[in-house]
Amino acid sequence: MQTTDIFERLRKGETILPNDPQAYKMREASFATRKLLVQMNNVTDPTEVRDLLSQITGSEIDESVTVFTPLYINYGKHTKIGKNVFINFDCTFLDLGGITIEDNVLIAPKVSLLSEGHPLEPENRHALIPKPIHIKKNAWIGAGATILQGVTIGENAVVASGAVVSKDVPDNTVVGGIPAKIIKTI
């Protein structure tokens, strides 16, 4: 019986147990990504940054995308970035569960997009629970915000600086706080 590849299972949202026979593949992929990140985070030419990010994500990064390095990604192949996206300094993307960033999104410094988590029960804590993050068109994620697994940020939405977002954000709203709550509609 053939086992489905661990990366396919992650994209489908399957919980990965620590003793999974393919768990080593996640570590190997992360180390391969790290080699490219070291290069990307040490070049200054925006075209080189986009080219290396294309290698990391396994998809072409449009010339309209601007990334101010450093950027940290644990896998990369589950990150999709649209056109005219701006990613500021020192962001962290944990993308085993999937990250989709649509067109015209602004991501401020020190934003964390965390598509992975762990169970609360101590006996299962080392399992990995992936759930995708989706940031829709024209959203703005403020400095130091954290977007947790399974969250969709609506079109034109704004996430205030320092917010921790654990639930979906509707289109055309501003959220802030810990946990993030709706502050107003736009």
Side-chain angles (χ1 to χ4, degrees), residues 2-118 125-135 139 141 143-151 153:
Q2 186 175 3
T3 305
T4 306
D5 181 69
I6 194 165
F7 298 107
E8 291 175 38
R9 291 186 285 137
L10 285 160
R11 285 294 288 166
K12 292 178 181 176
E14 182 179 316
T15 297
I16 305 297
L17 300 175
N19 61 350
D20 187 289
Q22 293 186 353
Y24 73 93
K25 290 183 176 185
M26 292 186 297
R27 285 185 293 279
E28 286 178 353
S30 184
F31 289 125
T33 297
R34 180 88 175 110
K35 285 181 183 178
L36 291 169
L37 282 173
V38 168
Q39 293 175 51
M40 185 183 81
N41 288 333
N42 286 290
V43 298
T44 57
D45 179 63
T47 301
E48 287 182 66
V49 170
R50 283 191 299 274
D51 289 345
L52 287 160
L53 188 55
S54 292
Q55 290 178 52
I56 290 167
T57 62
S59 61
E60 186 173 343
I61 301 298
D62 191 79
E63 66 181 24
S64 64
V65 172
T66 300
V67 178
F68 286 178
T69 56
L71 172 65
Y72 304 100
I73 303 175
N74 66 334
Y75 177 53
K77 301 292 190 266
H78 290 171
T79 296
K80 302 298 174 219
I81 299 172
K83 295 179 180 177
N84 199 37
V85 170
F86 179 78
I87 301 170
N88 215 321
F89 298 102
D90 212 18
C91 292
T92 299
F93 295 0
L94 299 184
D95 76 327
L96 286 170
I99 296 173
T100 300
I101 302 168
E102 292 187 4
D103 298 346
N104 301 311
V105 168
L106 299 172
I107 299 178
K110 297 190 180 299
V111 167
S112 294
L113 305 179
L114 311 175
S115 73
E116 308 151 25
H118 302 280
R125 183 85 27 92
H126 289 272
L128 187 65
I129 303 172
K131 293 181 185 172
I133 292 173
H134 189 163
I135 302 175
I141 313 298
T146 299
I147 312 299
L148 298 178
Q149 66 184 53
V151 169
I153 306 295

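Index from 1, following the sequence.
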| field | side-chain hydrogen bond (donor to acceptor under 3.5 Å, both in side chains) assessment of N84 paired with D103 | value | CA-CA 6 Å; N84 199 37; D103 298 346; over 6 Å; no

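Scored by the side chain to side chain donor-acceptor pair (under 3.5 Å) test, Q149 finds no partners at all (sequence neighbours excluded). With sequence neighbours excluded, the residues that form a side-chain contact (heavy atoms from CB on, under 4.5 Å) with E8 are T4, D5. Residues passing the salt bridge (Lys or Arg N to Asp or Glu O under 4.0 Å) test with E60, sequence neighbours excluded: none. With sequence neighbours left out, the salt bridge (Lys or Arg N to Asp or Glu O under 4.0 Å) criterion links K110 to D90. Legend: residues meeting side chain to side chain donor-acceptor pair (under 3.5 Å) with S59, ordered by chain and number and at least two apart, are T57. Every residue two or more places apart in sequence or in another chain that forms a side-chain contact (heavy atoms from CB on, under 4.5 Å) with E63 is listed here: R50. Partners of L106 under the side-chain contact (heavy atoms from CB on, under 4.5 Å) rule, at least two apart in sequence or in another chain, are F86, W140. By the side-chain contact (heavy atoms from CB on, under 4.5 Å) test, N19 is found to be paired with L17, residues two or more places apart in sequence or in another chain being considered. Partners of T79 by side chain to side chain donor-acceptor pair (under 3.5 Å), not counting sequence neighbours, listed by chain and number: D95. For N88, there are no side chain to side chain donor-acceptor pair (under 3.5 Å) partners two or more places apart in sequence or in a different chain.
Residue pairs that meet the side-chain hydrogen bond (donor to acceptor under 3.5 Å, both in side chains) test with at least one member in residues 67-76, sequence neighbours left out, are N74-E116.
The environment of NZ in K131 is sparse: at most 12 heavy-atom neighbours from other residues, nucleotides or ligands sit within 6.0 Å.
Inter-residue side-chain proximity for I107 and F93 is flagged as met; some heavy-atom pair is nearer than 4.5 Å. Between L53 and L71, some side-chain heavy-atom pair lies under the 4.5 Å cut-off. At a threshold of 4.5 Å between non-hydrogen side-chain atoms, the residues M26 and D20 do not count as touching. Looking only at side-chain heavy atoms (C-beta outward), I81 and I87 come within less than 4.5 Å of each other.
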